Each structure stands twice: as C-alpha cells, then as structure tokens.
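Below: one structure, written as structure tokens.
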Amino acid sequence: MLSVWLHFPGLTESVIAAACSRVGQSVLHLDRRTYYAGNWASFTFNGLLSWIEDYKNQEEVNSTESEQVWRSLMEEGEDVLPLSSVDSSISNIEVYCYASEEEEKEEETQPSATRSEAVSEETNEASTEAQDTAITDGSTQTIQTQSGEDEMSEPIQEQHDISDASQSQEEKEQHPISSPADPPVEVKKKITYQTLLKEGRRFNIDLVSKLMYSRGALVDLLIKSNVSRYAEFKNIGRILTCRNEKVEPVPCSRADVFASKQLTVVEKRMLMKFLTFCLDFEQHPEEYQDHSEKPFRDFLKIKKLTENLQDFVLHSIAIVTQKTLTEVGLKATQHFLRCLGRYGNTPFLFPLYGLGEIPQCFCRMCAVFGGIYCLRHSVQCLVVDKASDK
Ligand SMILES: *[C@@H]1O[C@H](CO)[C@@H](O)[C@H](O)[C@H]1NC(C)=O
Ligand SMILES: *[C@@H]1O[C@H](CO)[C@@H](O)[C@H](O)[C@H]1NC(C)=O
C-alpha cells in the first residue's frame, strides 16, 4: 500500500488520485481551498469575484508565526521540508471592467415580464450583436446556442452523456445555473456590471477555458475510466470566427459548407475538395510530401485556396498558427473532421456546468474507491526521518 498526497490539486493531480485509488492504493487528498479542482475550477460570477479577492490577499498571509509553531514540534532525528502556502502560478491579478458600471435604469430592474416589454425591435438586433461579440473576445467560452434567428444556428442540442449512465436529478438541482429547459434569457440592450452581478448565477466561468475534441484523448479517458458517468456534456452548437471585424459561422458539415453565405460557389467546391483530401491525406503522399516540412499556410496557398478559405482552414478548422508545418496542419484538419458527428455538428464537447466538473469527477471516482478528501486543510511541511530519508 502506498499513500499518495498532493499539493494544490488540479486536473493532473485529480487524475492521478483516481488512478491510484482505482488500483487499490490509499489516497489522501488535502486541499487548503474550499472548492475542488484548484486552478481548473469553474465559478459563478460571484464565485469568481471572491476567488479574485482571495488571490489578491494571499501574499499578505504571514506564515512566520505558524512556522515557529510547527518547527517547535519536531523531534530528534527529524527533518522538515517546508511547503509554500502561496500558489505562485497566479500573480498580478487586476480587474478591468469593460461593461458599463452605471446603475441600471429603473425599468430594467423590473421582473422579466416587464423587462421583455421594454425590449423593442431595435434592441433585439443590438442584443444579437452583443452576444456574438462576447464570444469572440474570448471571455466567454461557452458558445451560445439560443440565438435561433440565423439559419446557420442549430436548435439547442440534446445533452450528451458520453457513456450510458446519467447524473441523478437530485445532483442536477444542486447546480446553480439554469437548466437548458428554462426560457431563454431576455437580453437587454446594455449589459451593465450590475446586470452581471445579478445574473451571475446563470453562467459559469472556467479559470481554464478549454474544449474537448469529441474523439480526443481526454474524452477517451473519461469513457474508459467510467468517470464520464459523473457529469453531463454538451456539444458546442456552432463555431464562430472573427474576420475583418465581422463575426461569421464556421461551416462544419457538408450541409454547412453549401448553405454558407460567406463562400462563393467556387469556394464551396474548393473547400469540399480540400477537406475530402484531408480526411485521408496519408493515402495521397504525392499531394503534400514536398511541403511537409514547410508551413501549412504556404501549402494552402499552393493548393490555390482563396484567402478567405486559407483563413478558415488555418484558424477555425485546423486551429494552428502561421508557422505550423504542413503535416501537422493536415493532421489537425483531419482530427477536426473526424470529430464531427460523434456527438453533434461541431467537434467540441464541454461539461455542462463548466470545465471544473472534470477534475471533480475524477475526485469522485477516487472517493468511490476509498480516497479520503479534506478541503480547507493545508499542509505546512513534510517531516522526513533523517536516518532513512523517508
Ligand atoms: C511576519 O511576522 C513576523 C513576526 O511575527 C514579522 O517579523 C515580519 O515582519 C512579518 N512580515 C510581514 C511581511 O508582515
Ligand atoms: C467501468 O464500468 C464497467 C461496467 O460497469 C466495468 O466493467 C469496468 O471495469 C469499469 N472500468 C473502470 C476503469 O472502473
């Protein structure tokens, strides 16, 4: 039996804890914080604000006094390894507010029935724009699925359990955010800071914003380990990209490509031909071998894709940089295409209540197999036996 103990547990530590526990080792998981998932956690808006406060204050904690206490408890033949209580991976936190900090107007603070009357036609237009912008500036990772006006947008997709079992109703109700069955949120013309505070429980913010490829290694691990049973997942409804200061949908399927308003007929054919080639590019080495060590971007030019299409493929489909080499770019494009359709019309999955669910689910698996969890407990030092070094 081997004990595993982890400092500042995040995703990696949670996966290790689950794996150790699963094979019968004893695991003690200590976390000085009040929440799981460490720097991978997801918060409501208010939760995020308290997290920011905590980190702003962490440097001010003076550990000298407590250090004197535990040092005095050491016995003959023991050595100590002090552990820092400061998480040095996060520093220089500053808060900027881009939303209006004005007070809301009187009528906007009314209950939603009154509020929806106040929303005029022009407001509706403006609000769609506001939503799209929120996606492209990177601050909101959860791509909205409720717009409905645009013919590119899909109806809200069914939630996906990526394995067979699903979370119990009781657990779902513990989550602070609204369920997708709730009526769409009324979007007001101007989103003020006050609005964000008030509606702060209706969305989650991930400290680490990532999406999972539906045929990626993490999804495979979640299924293989049965950890997927502890969470619910959603497929991203659609992908938008910002080009020439305009927000445009990225065509993900054959139907999308042909329905696209951004592409000309010639471009549509060109793109379909190129994507079809990418699906099994390894079978056609003569097409790319001479370029495999050169930038993908140049390869796209050589393939005579229009600039429009080069941008689409590079930034929105392969999602690589200007310097990425051709073979890597082709693989990335292929991966994107292979992920399509597994759970929906885009290649990306996300946990319904934020990425913080993932480490938490691994913790749960660890606990199911006997791991012990203590939040709000920090470790100040490790005691080492001088003679054996253990
Ligand atoms: C921490 O406490 C010690 C003794 O209590 C004191 O000498 C030291 O100046 C303090 N440091 C800070 C940064 O407050
Ligand atoms: C996952 O669940 C299946 C069926 O309940 C079980 O046979 C398998 O051993 C489980 N895998 C792990 C890693 O726990």
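One-based numbering along the sequence shown. If you're wondering where the values come from, they're calculated on a predicted model, not measured in any experiment. First listed ligand is number 1; within each ligand, the first listed atom is number 1.
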Worksheet item: Counting heavy atoms only, which part of Arg22 comes closer than 4.0 Å to ligand 2: side chain, backbone, both or neither?
Response: side chain

Worksheet, complete the sentence: Looking only at heavy atoms, the pair that brings Val384 and Asp389 closest together is CG1-C, 3.7 Å

Item to complete: Identify the two heavy atoms, one from Ile223 and one from Ser228, that lie closest to each other, and give their separation to 0.1 Å.
Response: CA-OG, 3.9 Å

Worksheet item: Say you draw a straight line from CZ of Phe274 to CZ of Phe299; how long is it, rounded to the nearest 0.5 Å?
Response: 5.5 Å

Worksheet item: Which protein heavy atom lies closest to atom 5 (O) of ligand 2, and at what distance to 0.1 Å?
Response: Arg229 NH2, 3.4 Å

Discussion item. Counting non-hydrogen protein atoms only, what is the nearest one to atom 2 (O) of ligand 2? Give residue, atom name and distance.
Written reply: Asn226 ND2, 2.3 Å

Worksheet item: Got a donor-acceptor contact below 3.5 angstrom from the Ser14 side chain to the Cys363 backbone?
Response: no

